[in-house]
Amino acid sequence: MKTRLIFSFFFSIIGILGLAQEKKETKEAKKVQEKYKPNFMVGFDVLNTGASFFSDRKLYQGFISSKVRGNVHAIAEAGFEKNVYQKNGYDAKASGPFVKLGAFYMLAKDLENEFNGFYAGGKIGGAFYNQEYMAVPVRGFGGSGSSVAFPSSSQTSAWVEGTLGGRVQLFESNFYIDVNLQPRYLVYTSKQDDITPMIVPGFGKSSAKFNMGFAWNIAYKF
């Protein structure tokens, strides 16, 4: 009788420990499942890509964003731009890749879908590109006008930009339309013979430090 009680007690302990271990593994599995929830979105700018077929400006860009916490989303953009500048006696061209890193905050969102809504944020951008001046206007003796050319050179520029836009889901799919405005300010640029660049890939075509960008993206949420 005593032996039976000892065996019963022993197997009861084993059963309790096994049940506890099973519950622990179940909780850990649930934690892993809850922790890994893909919430990132990948998009491509279809508007500027389409416009590239009908203009001198060839711009191809895309983004990837991910919810960080609450209404805050991190975003990274990358692209390539090739363009020409022919104005006021200048004849120049530039091409190269660019990248942007930043974040945005969902100002208003759909109660049923937190990725639907309006947002605002900011990014830091940088471009590493080649430029060439076929003609740069100079004033000669007696006020006569002429031009000089400069060979191709590698340049670097950086800027800050704001972003203001919105996203809307396409029907019940994982596709979204993402539209945004991007006011930009050039904070740094290298120069060739003290000439301010007329074109900066990713920033735009402008002889001023302020510029405005626009993107119309088709995005997919994973």
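Since we're looking at a predicted model, the values are computed, not measured.
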### Task
Grab the two heavy atoms, one from Ala127 and one from Val200, that are nearest each other, plus how far apart they are.
CB-CG1, 4.2 Å
### Flag side-chain contact, heavy atom, 4.5 Å: Tyr119 against Leu107
no
### Query
Which pairs pass ring-ring contact (aromatic ring centres under 6.0 Å, His included) with one or both residues in residues 63-86, sequence neighbours excluded?
His73-Phe104, His73-Phe115
### Query
What closest approach, in Å, do Ser95 and Pro201 show between heavy atoms, and which atom pair accounts for it?
C-CG, 4.1 Å
### Query
Which pairs with one or both residues in residues 148-173 pass ring-ring contact (aromatic ring centres under 6.0 Å, His included), sequence neighbours excluded?
Trp159-Phe203
### Task
Step by step, work out the side chain to side chain contact (heavy atoms under 4.5 Å, CB included) result for Glu114 and Lys67.
CA-CA 10 Å; Glu114 62 179 346; Lys67 178 182 173 183; 2.8 Å; yes
### Task
Compare all side-chain heavy atoms of Tyr220 with those of Met41 and state whether any distance is below 4.5 angstrom.
no
### Query
Which distance, rounded to the nearest 0.5 Å, do you find between the CG of Asp56 and the NZ of Lys82?
10.0 Å
### Task
Ignoring hydrogens and angles, tell me if any N or O in the side chain of Gln86 forms a donor-acceptor pair with the backbone of Tyr90 under 3.5 Å.
no
### Task
Return yes if a side-chain donor-acceptor contact under 3.5 Å exists between Asn83 and Tyr129, otherwise no.
no
## Note on the structure
Looking only at heavy atoms, the pair that brings Val84 and Ile199 closest together is C-CD1, 3.4 Å
#### Entry: Worked check of side chain to side chain contact (heavy atoms under 4.5 Å, CB included) between Tyr176 and Val168
CA-CA 5 Å; Tyr176 287 74; Val168 61; 5.9 Å; no
### Query
If you take all heavy atoms of Pro137 and Gly89, which pair is closest and at what distance?
CD-O, 3.5 Å
### Query
Distance from Ser147 atom OG to Met134 atom CE, nearest 0.5 Å?
11.0 Å
### Task
May I ask you to test the Val160-Val187 pair for a side-chain heavy-atom distance under 4.5 Å?
yes
#### Entry: Single-linkage hydrophobic cluster, 4.5 Å side-chain cutoff, Phe175 and Phe222 together
yes
### Query
With side chains defined as the heavy atoms from C-beta onward, is the minimum distance between Asp178 and Trp216 less than 4.5 Å?
no
#### Entry: Pairwise distance CD(Gln131) to CD1(Ile195) - rounded to 0.5 angstrom
8.0 Å
### Query
Can you tell me if Ser173 uses its side chain to pair, donor with acceptor, with the backbone of Leu170 under 3.5 Å?
yes
### Message
Can you tell me how far apart NZ (Lys209) and OG1 (Thr189) are? Round to the nearest 0.5 Å.
### Response
9.5 Å
### Message
Between Ser65 and Phe40, is there a side-chain heavy-atom distance shorter than 4.5 Å?
### Response
no
#### Entry: Main-chain N/O of Asp45 paired with Asn217 side-chain donor or acceptor, under 3.5 Å
yes
### Query
Would a hydrophobic clustering, with Ile, Leu, Val, Met, Phe, Trp and Tyr connected at side-chain separations under 4.5 Å, put Val179 with Ile64?
yes
### Message
Run the side-chain hydrogen bond (donor to acceptor under 3.5 Å, both in side chains) test on Thr163 and Gln182 for me, step by step, so that the C-alpha distance in whole Å, both residues' side-chain angles and the decisive distance to 0.1 Å come before the verdict.
### Response
CA-CA 5 Å; Thr163 181; Gln182 304 159 358; 5.3 Å; no
### Query
Does the Asn48 side chain pair with the main chain of Leu59, one donor and one acceptor, at a distance under 3.5 Å?
no
### Query
Roughly how far, to the nearest 0.5 Å, is the CZ atom of Arg167 from the CZ atom of Phe118?
13.0 Å
### Message
Under a 3.5 Å threshold, yes or no: a donor from one side chain and an acceptor from the other, between Asn130 and Ser153?
### Response
no
### Message
Tell me whether Arg184 contacts the main-chain N or O of Gly202 through its side chain, where contact means a donor paired with an acceptor under 3.5 Å.
### Response
yes
### Task
Starting from the C-alpha separation in whole Å, work towards a yes-or-no answer on side chain to side chain contact (heavy atoms under 4.5 Å, CB included) for Ile218 and Phe44.
CA-CA 6 Å; Ile218 289 291; Phe44 185 73; 6.0 Å; no
### Side-chain ion pair, Lys58 and Glu81, N-O less than 4.0 Å
no
### Query
If two hydrophobic side chains count as joined below 4.5 Å and joins carry through other members, does Val46 share a cluster with Phe214?
yes
### Task
Take Glu161 and Lys100 through the test salt bridge (Lys or Arg N to Asp or Glu O under 4.0 Å) and record every step on the way to the result.
CA-CA 9 Å; Glu161 70 176 47; Lys100 306 175 192 177; 3.3 Å; yes
### Message
I need the Gln155 CD to Phe128 CZ distance, nearest 0.5 Å.
### Response
12.5 Å
#### Entry: Any Ile75 side-chain heavy atom under 4.5 Å of Glu77 side chain
yes
### Task
Look at atom NZ of Lys109 and say whether more than 12 heavy atoms of other residues, nucleotides or ligands are closer to it than 6.0 Å.
yes
### Message
Hydrophobic clusters here meaning ILVMFWY residues chained together by side-chain heavy-atom distances under 4.5 Å, can you tell me if Val99 and Ile124 are in one?
### Response
no
